[in-house]
Amino acid sequence: MPVRPLLGTASCAALLLLGAAAAAPSAAAAPSAPAEYVTVDPEGRIASDGTVTLTGTYRCVAGTGRVYVSSSVNQSTPNVNYGIGGSVAVCDGAEHRWQNSGKAPQNALKAGAAKVEATLLELRGSGILIIPVPHAVSHHDVTLVES
């Protein structure tokens, strides 16, 4: 039997075993870091000029790049989300408030029920590339009220 196929199989098996051992939790491991999350308050505001303001909370731990809270809203058109601003996140393990404001195209949004997606996203540098790394994503039903 040729040796090369055996060496390839043995190498793959060794890598799989090493990966499994590295991924397995240790009994002496330190307690896990605080959970990362992002929430959206159940009520958002929509001004007469169409500006939407969304708020919520988030928690994240330190990353290697800048971290942002972004939000988008969907109301009546399926699969069409409108970006509603973004804000810089402080990733120190504590809970923080966020607020984003922005406008959708004219008459695209109105007071009433809406679906909001909030994302805690890190922009991590890797050589000449910037790689988006999500820390947390959540979907919430909200009510947009006139302000």
Side-chain angles (χ1 to χ4, degrees), residues 8-147:
T9 302
S11 297
C12 287
L15 287 173
L16 286 172
L17 288 173
L18 287 173
S26 164
S32 63
E36 295 187 314
Y37 61 84
V38 60
T39 69
V40 179
D41 293 337
E43 191 174 274
R45 294 186 314 269
I46 185 164
S48 59
D49 69 352
T51 300
V52 174
T53 301
L54 302 169
T55 56
T57 61
Y58 70 90
R59 178 186 316 216
C60 60
V61 294
T64 58
R66 302 247 14 219
V67 180
Y68 298 90
V69 179
S70 66
S71 55
S72 63
V73 64
N74 169 296
Q75 198 164 48
S76 60
T77 308
N79 301 320
V80 177
N81 291 335
Y82 299 102
I84 305 298
S87 51
V88 176
V90 177
C91 291
D92 59 5
E95 183 175 279
H96 297 278
R97 298 276 310 152
W98 64 268
Q99 176 178 315
N100 292 342
S101 294
K103 283 186 182 183
Q106 187 174 354
N107 299 324
L109 301 171
K110 61 183 184 299
K115 297 189 179 300
V116 172
E117 177 179 287
T119 305
L120 199 53
L121 185 72
E122 177 180 351
L123 297 180
R124 187 178 293 170
S126 176
I128 61 169
L129 299 175
I130 295 179
I131 302 188
V133 179
H135 284 245
V137 177
S138 64
H139 298 88
H140 298 269
D141 292 328
V142 302
T143 302
L144 297 178
V145 295
E146 292 181 14
S147 59

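Quick note: residue numbers are just sequence positions, from 1. What you see is a predicted model, and the numbers here were worked out from it, not measured in a lab. Any value given below was found using the heavy atoms of this structure, including those in side chains, with hydrogens, waters and symmetry copies removed.
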K.L.:
Which atom names give the shortest non-hydrogen contact between Val88 and Tyr58, and what distance separates them?
P.N.:
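Minimum heavy-atom separation between Val88 and Tyr58: O-OH, 4.3 Å.
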
K.L.:
Please name the pair of heavy atoms, one in Thr119 and one in Val137, separated by the smallest distance, quoted to 0.1 Å.
P.N.:
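Answer, listing the atom of Thr119 first, then Val137: CG2-CG2, 3.8 Å.
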
K.L.:
Atom CZ of Arg59 and atom CD of Glu95: how far apart are they, to the nearest 0.5 Å?
P.N.:
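Answer rounded to 0.5 Å: 6.0 Å.
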
K.L.:
Of the options Val116, Asn100, Leu109, which is the one that meets Val52 in a side chain to side chain contact (heavy atoms under 4.5 Å, CB included)?
P.N.:
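Result: among Val116, Asn100, Leu109, Leu109 is the only option passing the side chain to side chain contact (heavy atoms under 4.5 Å, CB included) with Val52.
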
K.L.:
So, for Ala89 and Cys60, which heavy atoms are closest and what is the spacing to 0.1 Å?
P.N.:
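The pair with the smallest heavy-atom distance is CB-SG, 4.5 Å.
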
K.L.:
Measuring only between side-chain heavy atoms, which start at C-beta, is Trp98 closer than 4.5 Å to Val90?
P.N.:
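Of all side-chain heavy-atom pairs linking Val90 with Trp98, none is under 4.5 Å.
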
K.L.:
Which atom pair, heavy atoms only, marks the closest approach of Glu36 to Val61?
P.N.:
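Between these two residues, the closest heavy atoms are OE2-N, 2.8 Å.
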
K.L.:
Would you say Asn74's side chain and Asn81's backbone share a donor-acceptor pair under 3.5 angstrom?
P.N.:
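No; judged by distance alone, with no hydrogens or angles, the pair does not exist.
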
K.L.:
Return yes if some donor-acceptor pair links the side-chain N/O of Ser71 with the main-chain N/O of Ile84 below 3.5 Å, else return no.
P.N.:
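A pair under 3.5 Å: yes.
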
K.L.:
Check the pair Val67 / Leu120 against side-chain contact (heavy atoms from CB on, under 4.5 Å), numbers first and verdict last.
P.N.:
CA-CA 7 Å; Val67 180; Leu120 199 53; 4.0 Å; yes

K.L.:
Taking everything shown except Arg97 itself, do over 12 heavy atoms lie less than 6.0 Å from its CZ?
P.N.:
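Yes.
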
K.L.:
Keeping the roles fixed (side chain from Gln75, backbone from Lys110), state whether a donor-acceptor pair exists under 3.5 Å.
P.N.:
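Yes, the answer is positive, given that a donor and an acceptor are paired below the 3.5 Å cut-off.
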
K.L.:
Considering all heavy atoms of both residues, which atom of Leu54 and which atom of Gly44 are nearest to each other, and what is their separation?
P.N.:
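Minimum heavy-atom separation between Leu54 and Gly44: CD2-CA, 4.3 Å.
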
K.L.:
If you draw a 6.0 Å radius around CD1 in Ile130, do more than 12 non-hydrogen atoms from other residues or ligands fall strictly inside?
P.N.:
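Incorrect, the count does not exceed 12.
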
K.L.:
Taking the side chain as every heavy atom from C-beta outward, state whether Pro134 and Leu121 have any pair of such atoms under 4.5 Å apart.
P.N.:
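Result yes, sub-4.5 Å side-chain heavy-atom pair found.
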
K.L.:
Closest approach of Tyr37 and Thr57, non-hydrogen atoms and distance?
P.N.:
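Smallest interatomic distance, heavy atoms only, reads CE1-OG1, 4.0 Å.
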
K.L.:
Indicate yes or no for a side-chain donor-acceptor contact from Glu122 to the backbone of Gly65 under 3.5 Å, with no hydrogens or angles considered.
P.N.:
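Pair found, side chain donor or acceptor close to backbone of Gly65.
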
K.L.:
To the nearest 0.5 Å, tell me how far Glu146 CD sits from Ile46 CD1.
P.N.:
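Spacing of CD (Glu146) from CD1 (Ile46) equals 8.0 Å.
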
